[in-house]
Structure formats: C-alpha cells, structure tokens
Trainee: 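So that we are looking at the same thing, I have put the structure below in structure tokens.
Since we're looking at a predicted model, the values are computed, not measured. Atoms within a ligand are numbered from 1 in the order they appear, just like the ligands themselves.
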Amino acid sequence: MRVDIVSIFPDYFAPLDLSLIGKARGTGLLDLSVHDLRTWTSDVHRTVDDTPYGGGPGMVMRPEPWAAALDAVASPAAQLIVPSPAGRPFTQADAHELAELPHLIFACGRYEGIDQRVLDEAAARMPVREVSLGDYVLFGGEVAVIVIMEAVTRLLPGVLGNADSLTEESHAAGLLEAPVYTKPASWRDRAVPEVLRSGDHGRIARWRRTESLLRTAARRPDMFAAYPPESLDKFDRAA
Ligand SMILES: Nc1nc2cc(Br)ccc2s1
C-alpha cells in the first residue's frame, strides 16, 4: 500500500517510524511518504492560509498550495482522505475498506479548514472521503491521520504476527471484545474466571460471546441494536 500524507507539520508523523508501522515500512508492506505542504508555496513567506470569505474567526487554508501538492502526489488509483469534524464517522468497516486500497492520500487541515474548492476539485479526479474520528475538534488533522494509519495498517496482511487477533477484537464482529486475563491466576485476591482456565474451549467460546454481548449492550446500545437478532444466542453465563 502506498500512502502520501500532506501537512504543514510533517514532524507530527515521527511516530509512524516506530513499532509495527515502522516495521511495515521497512519490509515494504507500507510505502509511506510525508510531505510538507509549504513545499508547494510560491511566496517568500511560504503562505498557506488567508482570511475567510464571509468573515468569521481564524484563517482558511489557501487552495493553490493544496492543488499543487495533490497534483504532485496523485496517481490513477489514489483516494483522498480528509479528517474533519464535519466528516462521516470513521469506523472499523472503513478501516477494512481503506486497507484494501492501493494508494491513500491524507490531507491534514489546520486553522478553520481547507478551502472547499480543493475537495471539490479533487473529487473530480479521485474518490474523496471526509472522515470524523469523534465529536470533538482538534488543532488539525495530523493526530486523526495517525489514528487512521494505525487502524488501517494493522489490517494489512503480514503486519500483525497473529492474524487471529483480528477476528476476536472489538468491533470485528460488530461487538465489543470480552474481558482478557493473563497470569497470575489470582492477583490481589482477584481470580481469573474459572471458565477461562477450564480447558473447555466450547465453554470458553460461549462465555466470551456472552461477555461481548453484555458489554456491548451496556456500553454501546447503538451497536447492540444494530446486531442482527438472528445472531443473538441465549445469554448463557453458566458457561
Ligand atoms: N476532530 C477533528 N478536528 C479537526 C480539526 C482540524 Br483544523 C482538521 C481536522 C480535524 S479532525
């Protein structure tokens, strides 16, 4: 997968040199380039913003540098991802979709955002997704891109050592993950649920599914309501 990130703060992406994303870059699973938007400015002050038409607070990112940047990094297979508080909610399903794509371009907005014509112009040549990571406002899109890059990269074949982890995790099957435990069997007088130490894999699977359903019902009624009723098995805590 090829990924191009355009930002006025390229140093924000140093974390993408670390851990499994850094390894994916090293092995060639991920071809990631980070670009400074100011590369495509033409004035001595390398200006990327200006005052908003219609008035209002703050500044808006100028279209010209963005148009030149996108022209420079685009490819016929590229899709543009723009984190925005006004975007569609980003979900695990979106992460799976993006993980299948050959080329992602991330545009990191700052200030009050990017001139809308940049997105309109881009949409004439490639799919454009404005995505939100939650109902809050950040200083810019950089942190959101790091989050999306983690969610997507871990789904790329070969990145996670144990691909099985992807089947059990939260949101994988439309449910939240069951609680997890490790040694010691008893810690500060708190014991690991006996079923998990029973060796009875059928019981363990039922217990985990029940815990997932209960957690989802309690913490994410929206997800629980969307869970297909035919998939609901009886709550069997006597697993
Ligand atoms: N939650 C989010 N806030 C912001 C702010 C800016 Br400025 C750009 C992108 C995003 S995504």
Trainee: Nearest protein heavy atom to atom 3 (N) of ligand 1, by residue and atom, and its distance?
Mentor: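 Ranking protein heavy atoms by distance from atom 3 (N) of ligand 1, first comes Leu138 N, 2.9 Å.
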Trainee: Around atom 10 (C) of ligand 1, find the nearest protein heavy atom and jot down its residue, atom name and distance.
Mentor: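 Answer, as residue, atom name and distance: Pro85 CD, 3.6 Å.
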Trainee: Look at atom 9 (C) of ligand 1 and say which protein heavy atom is nearest, naming residue and atom and giving the distance to 0.1 Å.
Mentor: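 Of every protein heavy atom, Pro83 O, 3.2 Å lies nearest to atom 9 (C) of ligand 1.
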Trainee: Which atom names give the shortest non-hydrogen contact between Tyr227 and Gly174, and what distance separates them?
Mentor: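 In terms of heavy atoms, the two residues are closest at CD1-O, 3.8 Å.
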Trainee: Can you give me the closest heavy-atom contact between Ile114 and Val60, atom names plus distance?
Mentor: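 For Ile114 versus Val60, the nearest heavy atoms are C-CG1, 4.2 Å.
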Trainee: What are the atoms of ligand 1, with element, lying closer than 4.0 Å to any heavy atom of Tyr111?
Mentor: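 Within the 4.0 Å cut-off of Tyr111, ligand 1 contributes 7 (Br).
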Trainee: Checking a contact table here: which protein heavy atom is nearest atom 6 (C) of ligand 1, and how many Å away?
Mentor: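 Atom 6 (C) of ligand 1 sits closest to the protein heavy atom Gly140 CA, 3.5 Å.
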Trainee: CG of Asp135: more than 12 outside heavy atoms within 6.0 angstrom?
Mentor: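 It does not: Asp135 CG has 12 such atoms or fewer within range.
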Trainee: State whether the number of non-hydrogen atoms from other residues, nucleotides or ligands found under 6.0 Å of Gln79 atom CD is greater than 12.
Mentor: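 Atom CD in Gln79 is crowded, with more than 12 foreign heavy atoms closer than 6.0 Å.
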Trainee: Is it the side chain, the backbone, both or neither of Glu112 that has a heavy atom closer than 4.0 Å to ligand 1?
Mentor: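 Glu112 to ligand 1: no contact under 4.0 Å from either part.
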Trainee: Can you tell which part of Ser132 has a heavy atom less than 4.0 Å from ligand 1: side chain, backbone, both or neither?
Mentor: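 Under 4.0 Å from ligand 1, Ser132 contributes no heavy atoms.
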Trainee: Say whether Thr39 and Asp36, considering side chains only, have a donor N or O and an acceptor N or O under 3.5 Å apart.
Mentor: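 Result is no, nothing qualifies.
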Trainee: Using the side-chain contact (heavy atoms from CB on, under 4.5 Å) definition, which of the options Leu101, Leu104, Asp31, Leu30 pairs with Arg2?
Mentor: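 When Leu101, Leu104, Asp31, Leu30 are each tested with Arg2, the side-chain contact (heavy atoms from CB on, under 4.5 Å) holds only for Asp31.
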Trainee: Under 4.0 Å from a heavy atom of Val137: which atoms of ligand 1 are those, numbered in the order shown and with their elements?
Mentor: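 Those qualifying, in numeric order: 3 (N).
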Trainee: Looking only at protein heavy atoms, identify the closest one to atom 1 (N) of ligand 1 and say how far it is in Å.
Mentor: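 The closest heavy atom on the protein side is Tyr136 O, 2.9 Å.
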Trainee: Run Asp4 and His103 through side-chain hydrogen bond (donor to acceptor under 3.5 Å, both in side chains) and show every step you take.
Mentor: CA-CA 8 Å; Asp4 289 283; His103 185 194; 2.7 Å; yes
